[in-house]
Amino acid sequence: QVQLVESGGGLVQAGGSLRLSCAASGRTFSSSAMGWFRQAPGKEREFVAAITWRGGSTYYADSVKGRFTISRDDAKNTVYLQMNSLKPEDTAVYYCAAASRVLGLRILSSYNYWGQGTQVTVSS
């Protein structure tokens, strides 16, 4: 089992920044990649960004490319999502997830473990 705990969400004005953290514990060696997804009210959960533990390859949704940066701290088993130039349409619950394989990282079903989510609200 892998446990994931997100933090760092909150309320911010448009144009502002937030940094989300996801701390992983448990059988973290079984995880090959980490991802961030988000779900706005009335919408399906969507891919935001992903990073591989080995090599640090990164992947982004087109909607956040150039504004969001995913990174990792191997020593802390923590993944971060730096969000800059936030827009009201970025408002959602953000979820961290762990995948055992580096395959299809933009797809929800590729992930085995999920955090509880953290709310991000961007006011206009």
Side-chain angles (χ1 to χ4, degrees):
Q1 294 283 345
V2 176
Q3 293 79 41
L4 304 173
V5 179
E6 301 102 331
S7 61
L11 173 64
V12 64
Q13 289 187 332
S17 299
L18 282 174
R19 188 177 81 155
L20 306 183
S21 299
C22 174
S25 61
R27 295 172 59 90
T28 56
F29 57 85
S30 66
S31 166
S32 296
M34 301 290 290
W36 285 98
F37 288 75
R38 66 187 182 186
Q39 188 166 18
K43 295 187 176 181
E44 294 187 350
R45 195 170 298 189
E46 64 175 5
F47 170 76
V48 175
I51 188 167
T52 61
W53 283 116
R54 182 175 297 180
S57 297
T58 57
Y59 310 85
Y60 295 95
D62 289 343
S63 59
V64 306
K65 199 173 294 183
R67 299 188 298 122
F68 291 11
T69 302
I70 189 170
S71 62
R72 74 195 196 283
D73 184 328
D74 295 353
K76 295 182 178 180
N77 282 332
T78 299
V79 174
Y80 304 97
L81 185 68
Q82 177 66 45
M83 305 186 295
N84 298 328
S85 302
L86 283 161
K87 305 174 181 180
E89 50 264 44
D90 294 318
T91 295
V93 176
Y94 283 70
Y95 296 90
C96 170
S100 58
R101 299 171 62 188
V102 181
L103 184 66
L105 292 179
R106 298 175 184 272
I107 303 171
L108 272 73
S109 59
S110 298
Y111 293 82
N112 309 98
Y113 302 99
W114 292 83
Q116 81 288 351
T118 185
Q119 176 71 46
V120 171
T121 303
V122 184
S123 63
S124 58

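Note that the structure is predicted; figures quoted are calculated from it, not measured.
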Below 4.5 Å, heavy atoms only, C-beta onward: do M83 and W36 meet side chain to side chain? no
Without swapping roles, check the side chain of T52 against the backbone of S57 for a donor-acceptor pair under 3.5 Å. yes
Looking at every heavy atom in both T91 and A40, which two are closest together, and how far apart are they? O-CB, 3.7 Å
Please say yes or no: joined through hydrophobic side-chain contacts below 4.5 Å, possibly via intermediate residues, are V102 and W53 part of one cluster? no
Tightest non-hydrogen contact, residues G55 and R72, listed as N-NH2, 4.2 Å
State the CG-CZ distance between D74 and R54, to the nearest 0.5 angstrom. 11.0 Å
Is any side-chain heavy atom of S110 closer than 4.5 Å to a side-chain heavy atom of R101? no
Are Y95 and V122 linked, directly or through other ILVMFWY residues, by side chains that come within less than 4.5 angstrom of each other? no
Please check: side-chain N/O of S32 versus main-chain N/O of S100, any donor-acceptor pairing under 3.5 Å? yes
Heavy atoms of G9 and V120 approach each other most closely as CA-CG2, 4.2 Å
Of all the heavy-atom pairs spanning L4 and A24, show the shortest one and how long it is. CD2-CB, 3.6 Å
Lys/Arg cation over aromatic Y80: R19, 6.0 Å, 45° cone: yes
Is it true that Y113 and L108 fall in one hydrophobic cluster, defined by side-chain heavy atoms closer than 4.5 Å? no
Spacing of CD belonging to Q3 relative to CG belonging to N77, to within rounding of 0.5 Å: 11.5 Å
Would you mind checking if D62 and K65 are paired as a salt bridge, meaning a charged N to carboxylate O distance below 4.0 Å? yes
Side chains of S123 and Q13 in contact at under 4.5 Å (non-hydrogen atoms): yes
Could you grab the distance from atom CD1 of I70 to atom CD of Q82, nearest 0.5 Å is fine? 12.0 Å
Gap separating the OG atom of S31 from the CG atom of N112, nearest 0.5 angstrom: 8.0 Å
By side chain to side chain contact (heavy atoms under 4.5 Å, CB included), V64 pairs with (sequence neighbours left out) R38, V48, Y60, A61, R67, F68
Distance in Å, L20 CG paired with T78 OG1, rounded so as to fall on 0.5 Å steps: 12.5 Å
Test your reading of the model: is there a side-chain donor-acceptor pair from E6 to the backbone of G117, 3.5 Å cut-off? yes
Can you tell me if Q116 has over 12 outside heavy atoms packed within less than 6.0 Å of its CD? yes
Hey, what do you get for OH (Y59) to CZ (R106), rounding to the nearest 0.5 Å? 8.5 Å
Can you hop from Y94 to F47 via hydrophobic side chains spaced under 4.5 Å? no
So, F37 versus Y111, ring centres under 6.0 angstrom or not? yes
Which heavy atom of A49 sits nearest to which heavy atom of L81, and what is that distance? CB-CD1, 4.1 Å
